[in-house]
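Throughout, a chain's letter reflects where its sequence line sits, starting with A, and its residues are numbered from 1. Everything numeric in this text was worked out from a predicted model, so none of it was measured.
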There are 2 protein chains.
Amino acid sequence: MMDMPAPSLDDMLCFAVYSANHAFNRVYKPMLDRLGLTYPQFLAMMCLWQQDGQTVGQIGDRLFLESSTLTPLLKRLEAQGLLTRRRDHTDERVVRLHLTPAGLAMRDSLPELQACILEASGMTLEGMGDLTRQVAALRDHLRLPA
Amino acid sequence: MMDMPAPSLDDMLCFAVYSANHAFNRVYKPMLDRLGLTYPQFLAMMCLWQQDGQTVGQIGDRLFLESSTLTPLLKRLEAQGLLTRRRDHTDERVVRLHLTPAGLAMRDSLPELQACILEASGMTLEGMGDLTRQVAALRDHLRLPA
DNA sequence: ATCATATAAATCGTGCGCGATATGGTCGCA
DNA sequence: TGCGACCATATCGCGCACGATTTATATGAT
């Protein structure tokens with residue numbers, strides 16, 4: 001029987017994804033620094049720009065994050081004056097998030113941000129859309145129960 | 001002039017990569033738990049399985065990580081008895097990493113690990129190789145100086 | 001009405017990841 | 001010989017991310 005050759009890091013999809021994620025982080029950082037956001041905070045803001053008034057759990061479902069990650073992150077956004085956190089009147093277990101005017105206004109920086117990312121990626125819009133779908137499909141398959 | 005439509009999270013390559021990375025982490029976790037490794041620790045071990053005796057800086061170049069990340073991680077691997085950290089005799093600034101027999105033996109788990117990942121990804125080997133190259137090319141382009 | 005179960009967030013401890021800085025070693029050049 | 005520039009690693013503080021647990025609220029069965 002032939003053994004499979006031991007794969008090197010460069011052949012491993014998981015490492016490509018791991019290192020590409022870090023590379024994105026580094027590209028975003030200087031731009032987000034000027035907004036006073038971290039990258040995960042930016043993703044949470046994206047959720048709320050898309051739909052205001054979501055709960056912590058809904059943001060978690062969207063971003064695939066636990067409340068143990070989100071609660072402190074959202075408190076920091078609240079401390080920055082970008083959103084409010086209030087218990088829902090009809091279900092006191094739930095915390096609803098609402099953008100402040102400052103939080104909403106920050107959305108205006110999005111187009112420029114997107115343009116920078118597109119340029120840094122060195123891809124076309126179509127190429128990005130295509131790769132996005134492939135990677136999202138991989139993610140969704142990995143998330144299936146074993 | 002028409003504005004670009006504000007993209008949602010699902011259209012963003014950065015989020016696809018971010019969430020796919022977390023999804024990989026979650027797939028690896030139960031398997032790595034049995035080895036007593038974290039995912040970044042596993043990546044460091046991959047480097048050393050490929051070439052023993054590398055320096056901290058070489059591992060950092062390979063994984064795109066800083067010494068501030070690697071030093072504590074490598075100390076934990078040393079504490080587990082998987083490798084040794086020794087200053088180089090000819091250049092005392094440099095720390096060289098050498099696998100112990102236990103660290104080397106752990107490599108035997110690799111093939112099974114790879115097989116599990118392949119299955120969890122729901123892809124063919126060719127499909128994985130193809131996507132790996134696309135994502136690595138993206139990473140390398142993002143790493144170019146602006 | 002009561003109590004068991006379930007659910008949503010929050011809290012805690014550990015490890016990763018970075019930027020800024022510190023420490024100590026090397027090398028070239030006066 | 002000694003000093004200044006550079007270099008490799010280590011340390012520190014902050015924020016993310018998780019699993020395990022806790023707290024508070026809601027729901028359902030009897």
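In this structure, NE2 of A:His22 is placed 14 Å from C1' of D:dG15, rounded to the nearest angstrom. Atom CG of B:Asn21 is separated from atom P of C:dG17 by 9 Å (rounded to the nearest Å). In this entry the distance linking CD of B:Gln80 with C1' of C:dT14 reads 13 Å, nearest Å. Protein atom CD of B:Glu92 is 6 Å distant from nucleotide atom P of C:dT26, rounded to whole Å. In this entry the distance linking CD of A:Gln41 with P of D:dG15 reads 8 Å, nearest Å. C:dC18 atom C1' lies 14 Å from atom CG of B:Leu73, rounded to whole Å. Spacing between atom CD1 of B:Ile59 and atom C1' of D:dA10 amounts to 17 Å, rounded to whole angstrom units. To the nearest angstrom, P of C:dC18 lies 10 Å from CG of B:Leu63.
By the side chain to side chain donor-acceptor pair (under 3.5 Å) test, B:Ser19 pairs with A:Arg139, sequence neighbours left out. Contacts of B:Asp61 classified as side chain to side chain contact (heavy atoms under 4.5 Å, CB included), with partners at least two apart in sequence or in another chain: none. With sequence neighbours excluded, the residues that form a side chain to side chain donor-acceptor pair (under 3.5 Å) with B:Arg86 are B:Thr84.
With hydrogens and angles disregarded, a donor-acceptor distance shorter than 3.5 Å links the side chain of A:Ser109 to the backbone of A:Met106. Side-chain N or O atoms of B:Arg85 include none that pairs as donor or acceptor with a backbone N or O of B:Leu97 at under 3.5 Å. Checking side-chain atoms of A:Trp49 against main-chain N and O of B:Ser8 turns up no donor-acceptor pair under 3.5 Å. Within the 3.5 Å criterion, the main-chain N or O of B:Gly53 finds a donor-acceptor partner in the side chain of B:Arg96.
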5' to 3', nucleotides 5-10 of chain C under a 4.0 Å protein heavy-atom cut-off (B base, S sugar-phosphate only, - none) gives --BSBB

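Every pair passing side chain to side chain donor-acceptor pair (under 3.5 Å) that includes a residue from residues 23-37 of chain A is listed here, sequence neighbours excluded: A:Lys29-A:Asp33.
Hydrophobic clustering (side-chain heavy atoms under 4.5 Å, transitive across Ile, Leu, Val, Met, Phe, Trp, Tyr) groups A:Leu37 together with A:Leu110.
Less than 4.0 Å separates DNA chain D from no heavy atom of any residue of residues 27-40 of chain B.
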